[in-house]
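Chain letters run A, B, ... following the sequence lines, proteins first, then strands; residues in each count from 1. Any value given below was found using the heavy atoms of this structure, including those in side chains, with hydrogens, waters and symmetry copies removed.
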Amino acid sequence: MKQFSFSYREKLHLQKDFKKVFKLGRRLEDKKIKILAYKNDGLYLKRLGLVTSRKVGTAVERNRTKRRLREIFRTHKHLLEPGLDLIFISKPQTASSDYSDLKKTVLELLESAGFYKDKSEQL
RNA sequence: GCAGACGGAUGGCAAUCGCUUUGCUAUAUGUGCUUGCAAAGAGGAAAGUCCGAACUUUACCGGCGUAAAGAAAUUUGCGCCGAAAACGGUAGCAGGCAAUUCCUGCGGCUCGCGAGAGUAAAGGUGCGAACAGAGACGCUUUUGCCGGAAACGGCGAGAGUAUCCUCUUUUGAGGAUAAGUUUUUGCGGUAACGCAGAAAUUGAAACGGCUAAAUCCUUACCGGAAUGCAAGGCUGAAGAAUAGCCGCUUGACCGUUAAAAGCGAUUUUAACGGCAGAGAAAUGAUUGCGCUUCGGGAAACCGAAGACAGAAUUCGGUGUAUAAUCCGUCUGCUUUA
RNA sequence: GGGCCCGUAGCUCAGUCGGUAGAGCACCUCACUUUUAAUGAGGUUGUCGUGUGUUCGAGCCACACCGGGCUCA
């Protein structure tokens with residue numbers, strides 16, 4: 001498997017999966033974004049779901065926000081533990097901040113929650 | 001040169017890493033929604049959903065044909081069609097289009113010095129606390145002034161204008177001219193209508209005048225109606241859930257050029273080029289280059305900003321938002337030759 | 001994506017052929033009471049979401065915008 005790909009199987013798209021993460025997942029929150037995370041032991045894959053309500057902005061702003069968050073997940077998922085289901089919930093501030101700031105806050109949140117692999121495993 | 005009118009165009013480029021679809025390829029049932037390569041991948045408004053069509057379905061309406069039932073009237077099924085009903089739409093004339101409330105040309109009125117812009121439009125009845133009037137919707141009640149005992153008769157304003165002249169104390173009366181209105185004649189025009197001419201412009205009036213297809217009725221013309229891809233069709237069979245497949249993208253298609261018809265919208269023919277199809281929903285990130293504007297700087301250069309906005313069955317039209325730049329045609333004024 | 005509806009006083013709502021915009025609660029003033037509440041009397045409150053148009057006249061009719069909501073698998 002390629003390191004930076006993002007295929008269909010890595011998307012959350014069933015309501016079943018979303019409900020499980022909403023119910024059982026850990027909540028990490030910042031001014032800019034809210035992250036729900038659930039450790040799914042049955043799977044090796046790390047999967048991502050996106051929630052972007054109309055409060056975030058117009059269709060253009062919502063699409064751009066989702067694409068940026070997907071990009072962050074794609075380029076940094078190799079750092080994460082396997083079997084992790086994530087949901088990124090956007091806020092109005094998410095759309096107004098630029099890509100590098102957004103990347104920084106997302107990675108800091110995930111690191112503080114301890115979802116990174118051990119350094120020995122990374123190698 | 002300044003000011004303005006109308007119309008049109010553009011809405012950066014490349015590389016790398018990813019994403020979606022399609023084609024080819026590899027592997028051969030392993031997280032196969034896989035591997036590799038190639039091609040294509042948001043707009044002028046994709047938007048609002050204001051119109052119109054394609055396409056879909058029907059316990060809808062009507063007509064025709066046919067089959068069955070019945071003695072018959074008729075009923076039911078199937079097929080085809082949309083002349084009539086119902087319902088809806090349109091309203092200056094002529095044309096264009098698959099179709100329209102769209103587009104083109106022409107005509108009326110208003111605005112503008114002008115290029116141009118805006119706007120309305122068949123007939124009838126008629127609510128009414130706007131107008132004037134003492135009184136308003138036509139007589140059911142009440143009701144002005146003058147004459148009269150009464151019956152009854154008469155009267156102002158409001159629909160007949162403006163200017164000038166004459167007469168009259170005033171009210172008012174008469175005349176002329178102009179405009180409008182009505183009728184009518186001739187000419188032009190397919191027509192809407194225009195141009196020119198003639199005659200009338202009086203009487204009566206509480207039965208005043210004004211006022212509705214962007215709320216009523218009628219007429220003429222057009223369209224069967226309803227339904228909107230969440231329409232609709234199929235597969236599958238309980239670890240089924242927001243399932244999968246089809247519909248689903250090449251068609252009344254779009255663009256450029258040329259020829260022909262036409263004032264034009266547009267049509268016909270030929271050549272070339274182009275055309276996304278997602279589904280928790282594909283266009284992003286990084287870097288470099290380039291353009292415009294602003295700030296700093298002597299310069300090299302450095303920094304910042306660059307609109308409105310995202311396909312969801314498809315297409316046509318309309319009006320709404322839009323940084324910056326460019327182009328064309330035309331009008332008025334000024335200057336110079 | 002399609003279809004539909006609503007914006008009227010501080011709040012909840014009426015306003016049905018176009019003719020001076022109303023109700024309840026709230027609020028204000030006065031009376032009663034030592035005071036408050038309750039009660040009684042009186043009163044105020046509106047660019048009818050915004051704009052343009054049709055009309056002699058628009059909350060109502062038409063169109064365009066703005067905001068909010070419902071519904072269809």
Side-chain angles (χ1 to χ4, degrees):
Chain A
M1 167 131 346
K2 289 187 293 183
Q3 197 175 28
F4 295 117
S5 68
F6 182 60
S7 69
Y8 182 77
R9 285 173 298 141
E10 296 174 80
K11 288 181 199 171
L12 285 180
H13 47 271
L14 294 180
Q15 194 179 27
K16 202 165 60 172
D17 297 332
F18 270 85
K19 272 185 177 165
K20 199 187 281 178
V21 178
F22 270 110
K23 240 181 165 177
L24 306 172
R26 273 186 65 187
R27 283 157 189 274
L28 316 168
E29 193 158 358
D30 190 69
K31 263 184 208 169
K32 287 178 182 169
I33 194 166
K34 195 185 219 175
I35 298 176
L36 300 183
Y38 173 68
K39 189 86 166 59
N40 193 339
D41 292 324
L43 276 172
Y44 178 77
L45 280 171
K46 312 137 192 176
R47 297 190 298 180
L48 176 69
L50 293 166
V51 174
T52 313
S53 78
R54 272 210 332 226
K55 286 177 198 165
V56 172
T58 61
V60 176
E61 287 166 337
R62 275 180 275 141
N63 276 341
R64 191 167 48 224
T65 309
K66 285 198 278 187
R67 285 165 187 156
R68 282 176 172 169
L69 291 174
R70 215 176 279 131
E71 181 72 10
I72 291 167
F73 177 79
R74 184 179 73 78
T75 48
H76 295 90
K77 65 177 179 174
H78 61 283
L79 299 173
L80 299 174
E81 290 183 333
L84 199 62
D85 284 349
L86 292 170
I87 294 181
F88 289 178
I89 299 174
S90 305
K91 299 182 174 184
Q93 289 87 348
T94 316
S96 56
S97 58
D98 63 17
Y99 177 78
S100 55
D101 285 355
L102 197 59
K103 188 166 77 178
K104 209 176 160 191
T105 49
V106 169
L107 294 180
E108 277 173 1
L109 271 178
L110 289 175
E111 189 171 19
S112 65
F115 288 132
Y116 276 20
K117 285 181 190 173
D118 297 339
K119 282 189 179 171
S120 55
E121 260 185 70
Q122 274 187 40
L123 303 170

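Atom P of nucleotide B/rG284 and atom CZ of A/Arg62 are separated by 16 Å, given to the nearest angstrom. Going from atom NE2 of A/His76 over to atom C1' of B/rG18 covers 14 Å, rounded to whole Å. Rounded to an integer number of Å, the gap from A/Ile72 CD1 to B/rC19 P is 17 Å. Note: CG (A/Asn63) to P (B/rA276) measures 20 Å, nearest angstrom. Rounded to an integer number of Å, the gap from CG of A/Leu102 to P of B/rU286 is 11 Å. One interatomic measurement links the two molecules: CG of A/Leu50 to C1' of B/rA282, which rounds to 13 Å at whole-angstrom precision. Between A/Glu71 atom CD and B/rA285 atom C1' there is a gap of 4 Å when expressed in whole angstrom units. Between the CG atom of A/Asp85 and the C1' atom of B/rA280 there is a distance of 14 Å, given to the nearest Å.
Annotated as anti: B/rG180, whose O4'-C1'-N torsion sits more than 90° from 0. Classified by its glycosidic torsion, B/rA42 falls in the syn category, the angle being within 90° of 0. Taking the O4'-C1'-N9-C4 or O4'-C1'-N1-C2 dihedral as appropriate, B/rU20 has a value more than 90° from 0 and is therefore anti.
In summary, A/Glu71 and A/Arg68 do not engage in a salt bridge, as defined by a charged side-chain N under 4.0 Å from a carboxylate O.
Nearer to the 5' terminus of RNA chain B, by closest-nucleotide assignment, is the contact made by A/Arg67 (compared with the other of A/Ala59 and A/Arg67). Between A/Ser100 and A/Val51, the one whose closest nucleotide on RNA chain B sits nearer the 5' end is A/Val51.
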request  = Quick one: do A/Leu69 and A/Ile33 satisfy side chain to side chain contact (heavy atoms under 4.5 Å, CB included)? Show the steps, please.
outcome  = CA-CA 10 Å; A/Leu69 291 174; A/Ile33 194 166; 3.6 Å; yes
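Across the strands present, B/rA115 finds no partner; the criterion is a Watson-Crick or G-U wobble pair with both atom distances under 3.5 angstrom. Look at B/rC195: its Watson-Crick or wobble partner, with both distances under 3.5 angstrom, is B/rG186. With both pairing distances under 3.5 Å, C/rA23 is matched to C/rU12 as a Watson-Crick or G-U wobble pair. Applying the Watson-Crick and G-U wobble criteria (two distances, each under 3.5 Å), B/rG244 pairs with B/rC234. Using the Watson-Crick or G-U wobble rule with both distances under 3.5 Å, B/rA278 pairs with nothing in any strand shown. The partner of B/rU219, taking Watson-Crick or G-U wobble pairs whose two distances both stay under 3.5 Å, is B/rA91. The partner of B/rC301, taking Watson-Crick or G-U wobble pairs whose two distances both stay under 3.5 Å, is B/rG296. Applying the Watson-Crick and G-U wobble criteria (two distances, each under 3.5 Å), B/rU166 pairs with B/rA173.
A distance of 12.5 Å separates NZ in A/Lys32 from OG1 in A/Thr65, rounded to the nearest 0.5 Å. Of the inter-residue distances, the one linking A/Thr105 atom OG1 with A/Ile35 atom CD1 reads 7.5 Å to the nearest 0.5 angstrom. Rounding to the nearest 0.5 Å gives a distance of 8.0 Å between CG of A/Leu110 and CG of A/Leu84.
When the side-chain nitrogen and oxygen atoms of A/Arg70 are compared with OP1 and OP2 of B/rA281, one or more of them lie within a distance under 4.0 Å. Listed pair A/Arg68 / B/rA285 meets the phosphate criterion, a side-chain N or O lying under 4.0 Å from OP1 or OP2.
Here the separation of B/rU249 from B/rC315, taken at their C1' atoms, is 12 Å to the nearest Å. Annotation: B/rC246 and C/rG67 have their C1' atoms spaced 41 Å apart (nearest Å). Straight-line distance between the C1' atoms of B/rC60 and B/rG88: roughly 16 Å, to the nearest whole Å. Distance noted for atom C1' between B/rA3 and B/rG116: 15 Å (whole Å). B/rC51 and B/rC248: their P atoms are spaced 26 Å apart (whole Å). Nucleotides B/rG92 and B/rA252 have their P atoms positioned 32 Å apart, rounded to a whole Å. Taking atom P on both nucleotides, C/rG22 is separated from C/rG59 by 13 Å, rounded to a whole Å. A gap of 15 Å separates the C1' atoms of B/rA46 and B/rG316, to the nearest Å.
For A/Arg74 and B/rA282, a side-chain-to-base donor-acceptor distance below 3.5 Å is absent, hydrogens and geometry of angles not being considered.
Residue contacts shown for A/Arg64 are absent, as no nucleic acid heavy atom lies under 4.0 Å away.
Side-chain contact between A/Ile87 and A/Tyr38 is absent, with no heavy atoms from C-beta onward closer than 4.5 Å.
Of the possible donor and acceptor atoms, one in the side chain of A/Lys91 sits under 3.5 Å from a partner among the backbone N and O of A/Asp30.
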